[in-house]
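Chain letters run A, B, ... following the sequence lines, proteins first and then strands; every chain starts at 1.
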Amino acid sequence: MDKNPSGEDNDDIDWDTEDELEIQDTVFSSCTNLRTTGQHVVCSSNGEASSSSVPFQSSKFIQQFVVMGFTEESIAKAIEQNGENSDLVLDALLTFKALDDSPEEQPSTSPQLEPSISSDDSFSEYNENILDDVYEEDSWSSDSDNCINPVGRCYLNDEGSSLSGNEKTLLFLANMGYPEEEGSIAMKRCGPEASLPELVDFICAAQLARAEDPYLPEDVKPKLKHILNDFGGYKKRKMYNGLCKRKKPREISAEEETIRLPKPMIGFGVPTEPVPTMVQRFLPKKTIGPPFFYYENVALAPKGVWDTIKRFLYEIEPEFVDSRYFSATQRKRGYLHNLPIENRFPLFPLPPRTIHEALPLSKKWWPSWDTRTKLNCLQTAIGSAKLTDKIRKAVEKYDDEPPLEVQKYVLYQCKKWNLVWVGRNKVAPLEPDEVEMLLGFPKNHTRGGGISRTDRYKSLGNSFQVDTVAYHLSVLKDLFPDGINVLSLFSGIGGGEVALYRLGIRLNNVVSVEKSEANRNIVRSWWEQTNQRGNLIHFDDVQLLSRDCLEKLIGSFGGFDMVIGGSPCNNLAGSNRVSRDGLEGKESSLFFDYVRILDDVKSIMSRHR
DNA sequence: TCGAGGATGACGAATAGA
DNA sequence: TCTATTCGTCATCCTCGA
């Protein structure tokens with residue numbers, strides 16, 4: 001692999017070497033808007049907001065579809081028909097795409113599809129039953145070269161399309177290479193509420209079952225290579241770029257659900273606990289070795305979420321770990337990765353593992369009836385001053401220990417908001433720098449640079465626990481003695497980068513994708529303060545990382561050694577009372593961009609080898 | 001005085017485990 | 001059945017600078 005030649009010992013490095021310029025030029029050509037700051041490059045989707053070294057060729061409205069992979073001709077046509085209405089234009093573009101991909105299967109004129117429907121008794125019966133159903137699922141189009149990713153949009157059966165919902169579903173299944181008969185059977189078996197991914201799941205499962213049936217004649221077995229993609233995953237994963245926005249997530253039955261949270265939650269092992277006796281670790285052959293990937297999200301997600309994540313990430317078993325075994329705060333997270341698990345080592349010095357070790361000044365004021373030794377999960381919001389005042393008034397009425405009822409109330413609030421004792425009868429939320437310390441970040445990592453206190457809590461609450469992640473990533477140190485090229489998705493405040501740096505793994509090239517400008521500034525500032533000698537390239541939107549863009553980045557670096565990231569948990573987190581919609585939620589559906597990008601990286605790199 | 005941005009506080013349910 | 005926990009959201013209020 002072509003690593004960045006910049007030596008760690010060379011202090012006189014020239015950031016404008018031909019290599020650096022080549023990288024910058026390459027990225028320039030694939031981004032809609034760029035700024036450069038020495039070795040730091042920013043690729044932004046906001047083409048109108050800032051100057052660009054590349055002429056902005058089309059309006060932002062058009063550009064959003066260009067990024068998705070549609071041609072400007074088709075976009076123009078769609079706009080002409082629908083005006084500048086994003087949903088209608090996207091709907092039209094998807095219809096164009098579907099029709100273009102299989103012109104012989106256009107339902108209105110197709111001699112193949114329609115006869116098939118009408119001649120299939122079972123489907124006809126089904127079709128009559130659900131004729132009035134409105135198709136409210138997102139759909140997507142697939143192309144081997146272009147990634148089309150209408151995340152968060154609905155594919156409605158409106159005037160812009162002449163196809164019924166059922167016909168569209170069948171057409172998409174046909175475009176994906178599934179026989180019409182199987183598509184119609186799946187639609188019947190899965191029911192009228194079934195989404196396209198569910199139908200694909202059903203077909204894949206049926207094909208796999210038939211392929212592995214020893215009693216079935218070979219000539220009627222489906223070809224496995226048509227079912228599995230290059231990496232052992234189901235073919236449909238490539239198609240699962242966008243997701244429907246369903247009002248009610250599909251319930252996973254007890255039979256379907258396979259993932260259980262381990263107890264104790266120590267994954268494949270932690271430094272401070274005995275190694276679990278039965279560690280089952282199966283990696284599909286195609287996932288072994290680089291590029292390594294590391295995906296993170298909340299462990300306590302709605303039922304079935306981790307089953308879905310596992311299904312889309314090569315059926316690898318996730319590793320659930322509570323950061324309480326690494327620090328003084330709990331953080332129950334699932335990590336799904338293809339890293340080796342032997343010879344891990346922790347970061348030194350080992351972080352404090354109790355509240356009193358982490359916050360020694362609090363010990364003096366800590367009442368004996370508050371038996372906490374660990375903090376709960378650090379979240380994005382903190383307790384209010386009003387609440388701490390209420391607690392003070394409740395406790396100071398009593399010279400001695402307050403009655404049990406008061407103790408119970410105070411403890412409930414302290415646990416809920418992670419309040420700590422900072423004076424006689426006085427509790428307070430953690431300061432941002434204390435949160436930084438508990439999560440393994442350097443002091444003042446998020447301080448200054450224009451970020452508000454509220455946003456610091458938010459960014460920290462959304463980040464990795466560095467010691468936990470570093471323990472998992474530690475196996476990379478021996479594998480990449482010359483440094484590593486990292487694609488960091490949903491980087492946040494750079495937890496992955498900080499972990500690698502603290503492990504002593506040199507960061508040669510880091511492509512970091514992060515929506516929040518404040519977070520990008522934090523990572524850039526950390527990059528500069530730690531005198532990183534590699535290249536940091538920032539993107540502000542995962543959807544900018546098209547296959548074409550990834551091809552160019554990989555061509556420049558020689559490939560990514562690591563794809564790391566935790567997609568948004570907003571719609572998975574238990575604290576969300578408003579929109580806990582699962583992986584189909586507005587933000588959390590970006591998980592499928594992680595899958596798409598990882599698939600693309602693996603695919604491109606397999607061709608480069 | 002006004003607007004922008006930060007701070008505050010009210011808002012349960014899903015899930016696991018005892 | 002009960003208890004404990006949870007990388008959150010959003011309307012409103014407050015602060016500050018022009």
* Have a look at A:His337 and tell me which of A:His472, A:Glu296, A:Glu319 forms a side chain to side chain donor-acceptor pair (under 3.5 Å) with it. => A:Glu319
* Would you say A:Lys310 and A:Ile259 make side-chain contact, with heavy atoms under 4.5 Å? -> yes
* To do: Answer with base, sugar-phosphate or nothing: what part of the nucleic acid does A:Lys386 contact at a heavy-atom distance below 4.0 Å?
  => sugar-phosphate
* Asked: Can you check whether A:Met562 reaches A:Leu476 side chain to side chain, under 4.5 Å on heavy atoms?
  -> yes
* With heavy atoms under 4.0 Å as the rule, sort A:Arg333 into base, sugar-phosphate or nothing. => base
* To do: By nearest nucleotide on DNA chain B, pick out whichever of A:Thr454 and A:Lys416 is the more 5' one.
  => A:Thr454
* Indicate, with a heavy-atom threshold strictly under 4.0 Å, whether A:Ser567 touches base, sugar-phosphate, or nothing. => base
* **Interatomic distance where CD belongs to A:Gln465 and C1' belongs to C:dT6 [whole Å]** => 17 Å
* What does A:Ala381 touch in the nucleic acid at a heavy-atom separation under 4.0 angstrom: a base, only the sugar-phosphate, or nothing? -> nothing
* 4.5 Å side-chain heavy-atom contact, A:Lys602 and A:Pro291 -> yes
* Structure fact -> Here the distance between atom P of C:dG8 and atom CG of A:Asn376, to the nearest Å, is 14 Å
* Among B:dT8, C:dC7, C:dT6, which nucleotide sits nearest the side chain of A:Asn462? -> C:dC7
* Between A:Asp389 and A:Arg392, does at least one N-O distance fall below 4.0 Å, as a salt bridge requires? -> yes
* **From CD1 (A:Ile355) to CG (A:Leu430), nearest 0.5 Å** => 8.5 Å
* Asked: What integer number of Å spans the P atoms of C:dT5 and B:dC11?
  -> 22 Å
* To do: Please find out if less than 6.0 Å separates the ring center of A:Tyr314 from that of A:Phe293.
  => yes
* Which residues, if any, of residues 402-409 of chain A bring a heavy atom under 4.0 Å of DNA chain C? -> none
* Asked: Taking DNA chain C as the partner, which of residues 434-450 of chain A come within under 4.0 angstrom of it by heavy atom?
  -> none
* To do: Check whether the ring centres of A:Phe320 and A:Trp306 lie less than 6.0 Å apart, and answer yes or no.
  => yes
* Can you tell which of C:dT9, B:dA7, C:dT6 lies closest to the side chain of A:Val578? -> C:dT9
* To do: Report the residue (A:Lys415 or A:Thr380) whose heavy-atom-nearest nucleotide on DNA chain C is the more 5′ of the two.
  => A:Lys415
* Asked: Where the side chain of A:Val298 is defined as all heavy atoms beyond and including C-beta, which of C:dC10, B:dA14, C:dC7 is the nearest nucleotide?
  -> C:dC7
* **Comparing A:Asn576 and A:Ile451 on DNA chain B - which has the more 5′ nearest nucleotide** => A:Ile451
* Value in whole Å for how far the P atom of C:dC7 lies from CD of A:Gln330 -> 11 Å
* Could you check how far CD1 of A:Ile382 sits from P of C:dC7, rounded to whole Å? => 18 Å
* Can you tell which of B:dG9, B:dA7, B:dA16 lies closest to the side chain of A:Lys303? -> B:dA16
* Could you let me know what B:dG12 is paired to, Watson-Crick or G-U wobble, both distances under 3.5 Å, or none if it's on its own? => none
* Candidates C:dT6, B:dA7, C:dT5 - which lies nearest the side chain of A:Ser452 -> B:dA7
* Asked: For the pair made of CG in A:Leu387 and C1' in B:dC11, what is the distance, rounded to whole Å?
  -> 15 Å
* Asked: Are A:Phe312 and A:Tyr594 close enough that their ring centers fall under 6.0 Å?
  -> no
* Quickly work out the A:Leu300 CG to C:dG8 P distance and round it to whole Å. => 13 Å
* Measure from CG on A:Asp322 to P on C:dA4 and round the result to the nearest Å. => 17 Å
* To do: Examine C:dT9: is either OP1 or OP2 under 4.0 Å from a nitrogen or oxygen in the side chain of A:Asn570? Give yes or no.
  => yes
* Check whether any side-chain heavy atom of A:Val498 lies under 4.5 Å from a side-chain heavy atom of A:His445, and answer yes or no. => yes
* Looking at NE2 of A:His356 and NZ of A:Lys363, how far apart are the two atoms once the value is rounded to the nearest 0.5 Å? -> 7.0 Å
* Can you check the A:Arg456 CZ to C:dC7 C1' distance for me, whole Å? -> 17 Å
